[in-house]
Amino acid sequence: MRQMSYRKSRGRVQDPSLGMFEIENVIIRFAGDSGDGIQTTGALFSHDSAIVGHDISTLPDFPAEIRAPAGTLAGVSNFQLNFSSYDIHTPGDKPDVLVALNPAALKINLKEVRHGGVLILNHDAFDEQGLKKAGYTSDPRKDESLSGYQVYDLPITSLTVAAVKSSWLTRKQAALSKNMFTLGIIAWMYDRSIEDIIERVDRLFAKKKPELAEANKLALQAGYNYADTVEVFTARFRVSKAVLPPGNYRRISGNEATALGFLAASEMSGRSLFYASYPITPASDILHELSKLRHFGVKTFQAEDEIAAIGMAIGAAYGGALGLTGTSGPGVALKSEAIGLAVMTELPVVIANIQRAGPSTGMPTKTEQADLLQALHGRNGECPVPVIAPTTPSESFNLAIEAFRIAVKYMTPVFFLSDGYLANGSEPWRIPEPDELPEFEENYCTVPETFAPYARDEQTLARAWVVPGTPGLEHRIGGLEKEDITGHVSYDSENHERMVQLRAAKIQAIADDIPDLVVHGPQTGDLLVLGWGSTRGACRHAVEYAQANGLSVAGAHVRYLNPFPKNMGEVLNNFKYVLVPELNLGQLRMVLRAEFLVDAIGLNKVQGQPLSTMEIEEKIYEILGATLPSAAHG
């Protein structure tokens, strides 16, 4: 019988005679048609991994079409999970295990599986028609294409149909549970009980579709029993619990964390939250999540278009609520004039842009950091707006709160820049205690004697926030230029310049209210790897590996993109080279060159996929003229 093996660097091996091997982490990728339940399978196993106590990082990847042609390359849906006994920051570069439910899933993903990895294939899908749809001219199981991998060619569909034959489903319907059969196999391989997964399946399906819940549970149990009783798999693997800081944890995705962060901002500020959006991938889940929170006073509205959504958010802010709208790049383009109105009226509105690959409709379900320059400059006139960007799914919670803290304190719209990778990815999140959250400073005026619409706080330069209808505080605001202090419409040229300068100075003053940029590693040296947003995990791992090999390299990650942290220039000047990895053609690099006159080097990727640790590592060694060690990091 074949013996599944892992690199020695992945952990220690226990007594092989027991058939149980201890490993440090595993990277699994589930793949199949977009209608095969791949995302559900990945989410279930991720949830179970979090319950068991592993550190996890996930990468869902699916086509934009609701139902792409079955069996084709365009219709392949993937879900990658890295679960570990130690602290991890990415879903991993190369899967150790690929579960491919059809030939197209194999063809798309094989090149990314580590050499010697495990391939679990659905034998029933590898017929002549399936191979043809995937573009194969010969069967890869027979032409040596899979040499060097551990291949398990199993009749997954047939076994699934046999397992659920006691249900009332047709054969076609029964076959849809094959994803759960594979999940049972994986659960057995990695020494998991399936009880928690069964409970989760009941929560998801039992009330609305009890027959589907029953079929899925039968298939799950059958897959587990098959792996346990049929001597195909001769070894099992166990990953120990991760050592995480004490606290209460839950698995959370970026969009879930974002929604909860906005709710927390509402609770902490004492102001109701109003969210208006037009459905758009990958931001739609924020609307779904916030709509579940109406018992906290959250009001959500699905607007008829993007312009209406930002208009409603501005109106809500004018009325004394936290005004929030969410979208992606194409929606920001439509909202740009109204964002200028929010700048002119100086109202606390947050625009959550969950970035995706563009331009135009682009690739709706693929990630990209394509909208930084749009957030910084994508409006007419001198129209400065603070921009912040979370770096992990769970950090989206804190940065969502921070977006509203800045918006309320400085009376300004704020951009919250996430992306599809963060939005859909998940990880363990330690639920914070209330006293760990920042305080909101009130900026409300209720005293008529001291009120003027554009009188400003001496420190923040923010005007007062006045709820319409407050006696004695009646005032007008709008898109025409305002006279300083009074807020009257003004066409005076010197007043216009003064107001433009005041609005710019107010945004720059935020630099005094945000943390300095933190450098991980030596504070001076040969190379600084400076990232922003979702590249953090890959940057961190690449820098740590390079440091372990003796290179003079440090890392830093920017969360505040306008204004920058006050020590940004000093940090940049402390290094001979600056490398900026980003999922665009060099937008942050362009800004750094313009503002700090540093000859930053770019590492740019626009393939709809996140940067890998190895890609950044290779660039580090290239810049420093060093030889990359032969051992690859997954």
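- Annotation for K142: atom NZ does not count as buried by contact number, only 12 or fewer foreign heavy atoms lying within 6.0 Å.
- How far CD of E256 is from CG of N424: 10.0 Å, rounded to the nearest 0.5 Å.
- Between F416 and F262, the gap from one ring centroid to the other is short of 6.0 Å.
- Inspection of the E427 and T392 side chains reveals an N or O donor paired with an N or O acceptor under 3.5 Å.
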Applying side-chain contact (heavy atoms from CB on, under 4.5 Å), run through I28 and Y190 and close with a yes or a no.
CA-CA 11 Å; I28 299 176; Y190 295 100; 3.8 Å; yes
Using salt bridge (Lys or Arg N to Asp or Glu O under 4.0 Å), reason through R29 and E112 one step at a time and then give a plain yes or no.
CA-CA 10 Å; R29 182 177 296 179; E112 297 182 22; 2.9 Å; yes
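- Residues S46 and T58 share a closest heavy-atom pair of OG-CG2, 3.4 Å.
- With no hydrogens or angles considered, a side-chain donor-acceptor pair links R141 and H123 at under 3.5 Å.
- Side-chain N/O atoms of S177 and T160 include no donor and acceptor closer than 3.5 Å.
- Remark: the S394 side chain and the R430 side chain contain no N/O donor-acceptor pair separated by less than 3.5 Å.
- Side-chain contact, S77 with D36: no donor N or O sits under 3.5 Å from an acceptor N or O.
- Using a 4.5 Å heavy-atom threshold, the side chains of R200 and D48 count as separate.
- Closest approach of P282 to G420, counting heavy atoms only: CG-CA, 3.9 Å.
- Residues N225 and Q221 have side chains that bring a donor and an acceptor to within less than 3.5 angstrom of each other.
- Atom CG of D87 is surrounded by more than 12 heavy atoms from other residues, nucleotides or ligands within 6.0 Å.
- S145 and D143 share a donor-acceptor pair across their side chains, judged by distance under 3.5 Å alone.
- The six-membered or imidazole ring of F45 lies near that of F83, with a centre-to-centre distance under 6.0 Å.
- By the 4.0 Å N-to-carboxylate-O rule, K619 lies too far from E615 to be salt-bridged with it.
- When side chains are defined from C-beta on, L146 counts as touching L106, because their heavy atoms get closer than 4.5 Å.
- Between G254 and S396, the closest heavy-atom pair is O-CB, 3.6 Å.
- Taking each heavy atom of P610 and T367 in turn, the nearest pair found is N-CG2, 4.0 Å.
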